[in-house]
Amino acid sequence: MSEMKVKRVLHPIGQGAFYTESFTYNERKCNVIFDCGGTKGYIEDEVRTYCRFLAYQQQIEDQKPVVDALFISHFDDDHVNGLETLFNNARVLRIFLPLLNDDEIWAISPSFVNNLRNPLYQNLLKAAIHEIPLEWEGQSIKVVRINKNNADSARESELFLD
C-alpha cells in the first residue's frame with residue numbers, strides 16, 4: 001500500500017488566492033499551485049519567496065525550480081495577477097484551466113479581459129481557445145482545459161507523468 005504525504009500552504013497575499021501543495025506518492029514528488037493572485041506587492045513577494053524555497057528544496061541554485069501543475073479556478077485578476085512573477089521565477093510544466101465551454105472562454109472575467117493588453121494574458125487566452133501550449137519567455141507550458149469529456153475521467157498518468 002502506497003503512502004501519500006501532503007503539505008498544503010495558504011499564502012498570506014491579501015485579497016485573492018495563492019495556495020501551494022507538495023505531495024509525494026510512490027516516491028514521486030509533485031509541486032502544485034492553486035491560483036496565483038492577490039494584492040499587488042504581496043503576491044509578487046510571496047511568489048518569489050515560494051520559488052526560492054522550491055529551488056532550495058530541489059537543490060538547484062542556477063535554474064528555475066519546477067512546478068508540476070498550476071490550477072486556475074477562474075480568471076479574476078486577484079487569482080491570476082501573480083502569473084508573470086511565477087513564470088519568471090519557476091518552470092511550470094502544466095496549467096489546468098477551469099471547466100468552461102467555448103462561449104465562456106470569451107466571456108471569462110471583466111478584470112481578465114481588461115488586462116488583455118498584457119501579452120501573458122493574451123497568450124493564455126489563445127492557449128485556452130486553441131488548446132495549445134502557452135508560450136512565454138522561452139517556456140512552453142502544456143495547457144489542459146478541463147471539459148465535460150475529461151472532468152471525470154482524468155487519470156494521474158495523464159496529468160503528471162507524461
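Numbers here simply count residues along the sequence, with the first being 1. Note that the structure is a prediction, hence the values are computed from the model and not measured.
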Enquirer: Take a 6.0 Å sphere around CZ of Arg91 and say whether it holds more than 12 heavy atoms from other residues, nucleotides or ligands.
Expert: no
Enquirer: Distance from His79 atom NE2 to Phe18 atom CZ, nearest 0.5 Å?
Expert: 13.0 Å
Enquirer: For the pair Glu135 and Ser140, evaluate side chain to side chain donor-acceptor pair (under 3.5 Å) and give the outcome as yes or no after the intermediate values.
Expert: CA-CA 5 Å; Glu135 303 295 333; Ser140 183; 2.9 Å; yes
Enquirer: Supply the atom-to-atom distance Lys5 NZ to Ser22 OG, rounded to the nearest 0.5 angstrom.
Expert: 11.0 Å
Enquirer: Please walk me through it: do Asn88 and Glu137 pass side-chain contact (heavy atoms from CB on, under 4.5 Å)?
Expert: CA-CA 8 Å; Asn88 288 336; Glu137 301 286 323; 4.1 Å; yes
Enquirer: Are Ile132 and Val143 close enough, and set up right, to give a side-chain contact (heavy atoms from CB on, under 4.5 Å), and what steps lead you there?
Expert: CA-CA 6 Å; Ile132 59 174; Val143 173; over 6 Å; no
Enquirer: Work out which heavy atom in Leu70 is nearest to a heavy atom in Cys36; give both atom names and the distance.
Expert: CD1-CB, 4.4 Å
Enquirer: Check whether any side-chain heavy atom of Asn81 lies under 4.5 Å from a side-chain heavy atom of Ile43, and answer yes or no.
Expert: yes
Enquirer: Measuring from Gln58:CD to Asn31:CG, what's the distance to the nearest 0.5 Å?
Expert: 5.5 Å
Enquirer: Just by distance, no angles: are the side chains of Asp35 and Ser73 close enough, under 3.5 Å, to form a donor-acceptor pair?
Expert: yes
Enquirer: Can you see whether Gln15 engages Thr39 through a side-chain donor-acceptor pair at a distance of less than 3.5 angstrom?
Expert: no
Enquirer: Should Val6 and Phe71 be counted in the same cluster of Ile, Leu, Val, Met, Phe, Trp and Tyr side chains packed under 4.5 Å apart?
Expert: yes
Enquirer: Hey, is the main chain of Trp136 close enough, under 3.5 Å, to the side chain of Asn123 for a donor-acceptor pair?
Expert: no
Enquirer: Considering residues, nucleotides and ligands other than Phe34, do more than 12 of their heavy atoms fall under 6.0 Å from its CZ?
Expert: yes
Enquirer: Taking the side chain as C-beta and beyond, is there a heavy-atom pair between Ile13 and Asp78 under 4.5 Å?
Expert: no
Enquirer: Answer yes or no: is there a side-chain heavy-atom contact under 4.5 Å between Tyr19 and Ile33?
Expert: no
Enquirer: Considering non-hydrogen atoms only, spot the tightest contact between Cys51 and Leu86 and give its length.
Expert: SG-CD1, 4.1 Å
Enquirer: Report yes if some heavy atom in the side chain of Leu93 is under 4.5 Å from a heavy atom in the side chain of Ile141; otherwise report no.
Expert: no
Enquirer: What are the two closest heavy atoms between Glu84 and Leu120, and how far apart are they?
Expert: N-CD2, 3.5 Å
Enquirer: Quick one: pull up CZ in Arg48 and OG1 in Thr85 and give me the separation to the nearest 0.5 Å.
Expert: 5.5 Å
Enquirer: Can you find a heavy atom in the side chain of Lys142 that is under 4.5 Å from one in the side chain of Val92?
Expert: no
Enquirer: In Å, rounded to the nearest 0.5 Å, how long is the span from CD1 of Ile72 to CG of Leu83?
Expert: 5.0 Å
Enquirer: What is the minimum heavy-atom distance between Cys30 and Asp68, and which atoms define it?
Expert: CA-OD2, 3.2 Å
Enquirer: I'd like to know if the side chain of Glu44 reaches the main chain of Gly41, judged simply by a donor and an acceptor atom lying under 3.5 Å from each other, with no hydrogens or angles considered.
Expert: yes
Enquirer: Quick one: are the ring centres of His11 and Tyr50 less than 6.0 Å apart?
Expert: yes
Enquirer: Using every non-hydrogen atom in the two residues, find where Phe87 and Gln139 come nearest and quote the distance to one decimal.
Expert: O-NE2, 2.8 Å
Enquirer: Taking all heavy atoms of Val67 and all of Ala90, pick out the closest pair and write down the distance.
Expert: CG2-CB, 4.0 Å
Enquirer: Working to the nearest 0.5 Å, report the span between CD of Glu21 and CG of Leu10.
Expert: 10.0 Å
Enquirer: Just so I know, are the side chains of Arg94 and Phe96 near enough to count as touching, which here means a heavy-atom distance under 4.5 Å?
Expert: yes
